[in-house]
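Side chains are part of it too, since the values below use all heavy atoms of this structure and drop only hydrogens, waters and symmetry mates.
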Amino acid sequence: MADEQWGPAVRLLWGPPPGPPARGPRRGLTLEGIAGAGVAIADAEGLGGVSMQRVAAELAVTKMALYRYVPGKAELVALMAEAAMPDPAAGLDAALERAGSGWRERLGAWARELLAAFRAHPWLLRATVGARAVGPREVGWLERALAALEGCGLNGAESMDAVVLVAGHVRGIAEQERAVSAGGAAGAAVAGGAAGGVAGGVAGGAAGSGPDVELGAVLGEVMRLRGADFPALGAALASVARDGGQDQALDFGLERILDGIGLLVAARGAGA
C-alpha cells in the first residue's frame, strides 16, 4: 500500500532522472525545471496557486506533456519541497561547523537554519507535513540533527522525539510569522499562541512591524477599555514595556527546549 501511494514520488526523488520516451516527441523538460517552475508559483502565490495546469503553462507545454514527467500534484509538490529545501551539504553544514562540537550549540544552529528555510519559502510549512514521500535533502536535515545528539546517552526514540520537538517549535514560530505577513494577526495568535507577542505590541507600542507589534494590535483596544479585568496580563505588559523582551519567541522557546533535553542528557550520565 505504501509503495502504491508513495512509490512514484520516492522514485522521482531518489531514482535516476527519467530517460527519453519510447515514442513521441523528444523530452525537453527536466525534473529540476519543473520543480523550479512550481517553486516560483508557490513563492508568489502560495501552495494553493500550484496546479499541474499552471506549471505546464509556465513551462509552455501542455498538461498532458507534463504528466510524462510527473504523474500528479502530490509528486509535483514533493519535487518542489526537495528543490526549495536548502542543500544541507551547503549552508547547514557550514552553520553547524561554526556552532562547534557541542550538541546544544549544533541543535540550536540547526533550528535557526530551519527557520531561515521556512522564511524563504513559507509554503514549505504546508508541503512538509503529514504522511508523504521525502527526498534526500530533507532526510539530510534529519540526519544532521540526529548526529548532533550522538554520544549524549539518548536512545533512538528519544533523539527522534527531541528533534521533532525542536522542529515543532520552529514551525510554530514560522507559522506565526507567515500569518502576520499575510495580514492575519488573529491567525498568528492561533498559530503561535504567543502571549509575548501580545505583550510586546500592547505594552511596548513599538514602531515597525512583526509578530509582536501586529499581534499586539489585536488586543490593544481591549486592554485600554478593560485592562482592569486582567491584572496578571496588565502586570506582564507593564514589565515588557519597562524591561523589553520583544521578538524573542524563537530563542526563548528554543533555549527552554534545549534546557529540558539537557536535563535528560545529564540524567543519563553523559553530561551536556
Open item on the list: Quick check: is Val139 connected to Leu96 through a chain of hydrophobic side chains (ILVMFWY, heavy atoms under 4.5 Å apart)?
Closed with: yes
Task: Distance (rounded to the nearest 0.5 Å) between Leu114 CG and His169 NE2 - done: 11.0 Å
Open item on the list: Would you compute the distance between atom CG of Asp161 and atom CG of Leu154 and round it to the nearest 0.5 angstrom?
Closed with: 10.0 Å
TODO: Check each of Val70, Val61, Ile41 against Val55 using the side-chain contact (heavy atoms from CB on, under 4.5 Å) test, and report the only one that passes.
DONE: Ile41
Task: Derivation and outcome, side-chain contact (heavy atoms from CB on, under 4.5 Å), residues Thr62 and Tyr67 - done: CA-CA 9 Å; Thr62 66; Tyr67 278 121; over 6 Å; no
Open item on the list: What's the separation between atom CD in Gln176 and atom CG in Leu250, rounded to the nearest 0.5 Å?
Closed with: 11.0 Å
Task: Side-chain touch Leu66/Gln53, heavy atoms, less than 4.5 angstrom - done: no
Task: Met85 backbone acceptor or donor facing Trp141 side chain under 3.5 Å - done: no
Task: Minimum heavy-atom distance Pro8-Glu75, with the two atoms named - done: CB-OE2, 3.9 Å
Task: Check: Ala42 main-chain N/O paired with Glu45 side-chain donor or acceptor under 3.5 Å - done: no
Open item on the list: Within this structure, what is the CG-CG distance for the pair Asp43 and Leu47, rounded to the nearest 0.5 Å?
Closed with: 10.5 Å
- [ ] Please report the closest heavy-atom contact between Glu82 and Leu13, naming both atoms and the distance.
- [x] CB-CD2, 3.7 Å
Task: N/O donor-acceptor pair under 3.5 Å between Trp14 side chain and Val134 backbone - done: yes
Task: Separation between CD of Glu175 and CD of Glu177, rounded to the nearest 0.5 Å - done: 10.5 Å
Open item on the list: If you compare all heavy atoms of Gly28 against all heavy atoms of Tyr69, which two are closest, and at what distance to 0.1 Å?
Closed with: N-OH, 3.1 Å
TODO: Flag the pair Glu113 / Pro86 as yes when at least one side-chain heavy-atom distance between them is below 4.5 Å, and no otherwise.
DONE: no
Open item on the list: Are Arg106 and Leu149 packed together at the side-chain level, in the sense that at least one heavy-atom pair is separated by less than 4.5 angstrom?
Closed with: no
Task: Heavy-atom closest pair, residues Gly38 and Val50 - done: O-CG2, 3.8 Å
Open item on the list: In the structure I gave you, are the side-chain heavy atoms of Cys152 and Leu264 within less than 4.5 Å of one another anywhere?
Closed with: no
Task: Derivation and outcome, side-chain contact (heavy atoms from CB on, under 4.5 Å), residues Val129 and Arg171 - done: CA-CA 10 Å; Val129 294; Arg171 293 185 72 92; 2.8 Å; yes
Task: Basic-acidic side-chain contact under 4.0 Å: Arg104, Glu255 - done: yes
TODO: Decide whether Leu59 and Met64 are clustered together by the hydrophobic rule: side chain heavy atoms of Ile, Leu, Val, Met, Phe, Trp, Tyr closer than 4.5 Å, transitively.
DONE: yes
Open item on the list: Check whether Phe230 forms a cation-pi arrangement with Arg226 (NZ or CZ under 6.0 Å from the six-membered ring centre, at most 45° off the ring normal).
Closed with: no
Open item on the list: Tell me if a side-chain donor or acceptor on Arg137 pairs with a main-chain N or O of Ala83 at a distance below 3.5 Å.
Closed with: yes
Open item on the list: Membership question, hydrophobic clusters at under 4.5 Å side-chain separation (ILVMFWY): are Phe252 and Leu107 in the same one?
Closed with: no
- [ ] Hey, could you give me the CZ/CG distance between Arg268 and Asn155, rounded to the nearest 0.5 Å?
- [x] 6.0 Å
Task: Minimum-distance pair of heavy atoms, taken over all atoms of Thr128 and Phe118 - done: OG1-CE2, 4.0 Å
Open item on the list: Taking atom CD as the centre, does Glu97 end up with more than 12 heavy-atom neighbours from other residues, nucleotides or ligands that are less than 6.0 angstrom away?
Closed with: no
Task: Test salt bridge (Lys or Arg N to Asp or Glu O under 4.0 Å) applied to Arg132 and Glu138, step by step - done: CA-CA 12 Å; Arg132 58 196 170 81; Glu138 194 171 351; 2.4 Å; yes
Task: Leu124 versus Ala81, closest heavy-atom pair with distance - done: CD2-CA, 3.8 Å
TODO: Examine Leu258 and Val164 and state if one hydrophobic cluster contains both, with Ile, Leu, Val, Met, Phe, Trp and Tyr joined whenever side-chain heavy atoms are less than 4.5 Å apart.
DONE: no
Task: Electrostatic pair Glu58:Arg54 at N-O distance under 4.0 angstrom - done: yes
- [ ] Find out if a path of hydrophobic residues (ILVMFWY) with successive side-chain heavy-atom gaps under 4.5 Å connects Leu263 to Val166.
- [x] no
